[in-house]
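Values reported hereafter were calculated over all heavy atoms of this structure, with side chains retained and with hydrogens, waters and symmetry mates removed. What you are looking at is a predicted structure, and each value in this text was computed from that prediction instead of being measured.
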Amino acid sequence: MPDAKGPGFDYHDTLIIAHAVFASMAALITAPAAILVARYFRSRTWWFKAHIILQIVTVAFTIIFFTISTVAVASGGHGTQFVGPKKDPHHDLGLAIAILLWVEAIFGVAAHYTHTAHAITRGAFPTIKAKKSPLRHLHAWYGIFVAGLLYAGIKTGIDEWNMVADSGTLVPRGIEIAFWVIFALEIAAYVIGWFLEAFRGERKSHMISDHPTDEEKDGTPSI
């Protein structure tokens with residue numbers, strides 16, 4: 001770890017703190033919120049608007065934190081650290097996240113404009129079994145993958161600060177604990193959402209079996 005260069009933070013470390021704030025808001029607030037809104041509130045009329053807004057804010061945060069980090073690294077005369085002897089895994093991950101998040105946004109827009117004829121989906125996990133455009137399935141699972149990369153970016157960023165901060169300081173233990181607590185709560189909330197979907201899907205399937213609708217009797221889809 002570098003020796004401390006006196007009280008306070010220099011220009012590089014100040015930029016990195018700002019970078020960490022925007023990255024944390026994207027990884028721990030807006031991106032997970034967008035996913036959980038889609039997981040729990042798809043039956044509400046407002047869910048899609050909320051999902052879109054949260055995703056737009058996530059993309060905006062990504063542009064900001066990536067730009068700040070690039071300026072911070074350049075301020076030390078170290079280039080980009082994407083290639084060469086000073087190549088840095090955390091920076092490579094950040095670049096990948098910036099690119100993949102834009103691709104995810106494009107998938108989301110494309111998926112929104114794909115429509116599938118109405119079909120009844122029985123049993124557990126109707127989200128998976130639903131007959132809808134492959135783009136919609138791709139958007140959902142790809143989004144989970146990108147969210148995982150955002151979490152990894154926070155963890156590697158904490159490790160990098162502890163190793164190379166010009167101030168010679170460490171990330172406070174409380175912040176590390178807060179990260180793991182928030183991470184665990186968000187993962188738990190997402191997993192519980194799948195269990196609830198399975199339970200509700202099975203219950204709805206039994207209700208339909210006991211009381212078949214007209215469209216099931218004659219095979220004509222509802223409008």
Side-chain angles (χ1 to χ4, degrees), residues 13 15-42 47 50-70 72-73 80-82 87-108 111 127-128 136-165 169-197:
D13 283 3
L15 287 177
I16 292 302
I17 291 172
H19 159 77
V21 169
F22 283 104
S24 295
M25 289 192 293
L28 301 177
I29 300 176
T30 57
I35 292 171
L36 292 175
V37 163
R39 179 99 298 270
Y40 281 92
F41 301 106
R42 292 181 69 89
W47 87 267
H51 182 73
I52 286 292
I53 292 173
L54 288 166
Q55 290 289 55
I56 290 174
V57 174
T58 301
V59 171
F61 283 162
T62 302
I63 294 172
I64 293 171
F65 76 65
F66 184 78
T67 301
I68 292 174
S69 65
T70 302
V73 172
T80 63
Q81 294 188 359
F82 293 130
K87 184 177 180 180
D88 188 305
H90 177 67
H91 299 168
D92 290 344
L93 182 58
L95 177 61
I97 289 171
I99 295 172
L100 294 175
L101 195 59
W102 273 100
V103 174
E104 165 67 355
I106 293 171
F107 280 156
T127 297
I128 298 176
R136 296 197 173 196
H137 288 292
L138 178 62
H139 170 64
W141 293 112
Y142 186 90
I144 299 301
F145 172 70
V146 174
L149 292 182
L150 282 166
Y151 286 130
I154 297 296
K155 177 59 174 68
T156 58
I158 290 173
D159 294 340
E160 178 158 310
W161 176 278
N162 290 339
M163 290 187 294
V164 303
T169 59
L170 299 175
V171 174
R173 185 63 176 168
I175 290 180
E176 291 194 57
I177 292 174
F179 164 70
W180 287 114
V181 169
I182 294 172
F183 170 77
L185 290 174
E186 289 174 347
I187 296 299
Y190 185 72
V191 172
I192 289 171
W194 279 105
F195 279 110
L196 290 175
E197 176 176 310

I want to check something: taking the side chain as every heavy atom from C-beta on, are M25 and V21 in contact at a cut-off of under 4.5 Å?
yes
Spacing of CD1 belonging to I99 relative to CZ belonging to F66, to within rounding of 0.5 Å
7.5 Å
Is a side-chain N or O of H19 found less than 3.5 angstrom from the main chain of I68, in a donor-acceptor match?
no
Of all the heavy-atom pairs spanning V37 and A50, show the shortest one and how long it is.
CG1-CB, 4.3 Å
CH2 (W47) and CZ (R39) are apart, to the nearest 0.5 Å, by 10.5 Å
Please name the pair of heavy atoms, one in A31 and one in L150, separated by the smallest distance, quoted to 0.1 Å.
CB-CD1, 3.8 Å
To the nearest 0.5 angstrom, please state how far the CD1 atom of I16 sits from the CH2 atom of W161.
7.5 Å
So, the side chain of Y190 versus the backbone of I144: is there a donor-acceptor pair under 3.5 Å, distance only?
no
Apply side chain to side chain contact (heavy atoms under 4.5 Å, CB included) to N162 and E176, showing your working.
CA-CA 11 Å; N162 290 339; E176 291 194 57; 4.0 Å; yes
Contact summary for H90 and G153, nearest pair of heavy atoms:
CE1-O, 3.0 Å
I29 side, atom CD1; F61 side, atom CZ - distance, nearest 0.5 Å
7.5 Å
Just wondering, do I192 and Y40 contact through their side chains at under 4.5 Å, heavy atoms?
yes
Out of curiosity, I175 CD1 to L170 CG, how far, rounded to the nearest 0.5 Å?
11.5 Å
Minimal heavy-atom distance between I35 and A147, with the atoms involved, is CD1-CB, 3.6 Å
Quick one: closest heavy-atom pair of A26 and P32, and the distance?
O-CD, 3.7 Å
Derivation of the side chain to side chain contact (heavy atoms under 4.5 Å, CB included) call for F41 and L36
CA-CA 8 Å; F41 301 106; L36 292 175; over 6 Å; no
With side chain to side chain contact (heavy atoms under 4.5 Å, CB included) as the criterion, how do F179 and V171 come out once you've worked through the C-alpha distance, each side chain's angles and the decisive distance to 0.1 Å?
CA-CA 11 Å; F179 164 70; V171 174; over 6 Å; no
For the pair H51 (side chain) and A34 (backbone), establish whether a donor and an acceptor sit closer than 3.5 Å, ignoring hydrogens and angles.
yes
Can you name the closest pair of heavy atoms from W102 and I63 and give their distance?
CZ2-CD1, 3.4 Å
Evaluate the side-chain proximity of K155 to W180: yes if any heavy-atom separation is below 4.5 Å, no if none is.
yes
Look up atom CD1 in I182 and atom CD1 in I154, then write down how far apart they are to the nearest 0.5 Å.
10.0 Å
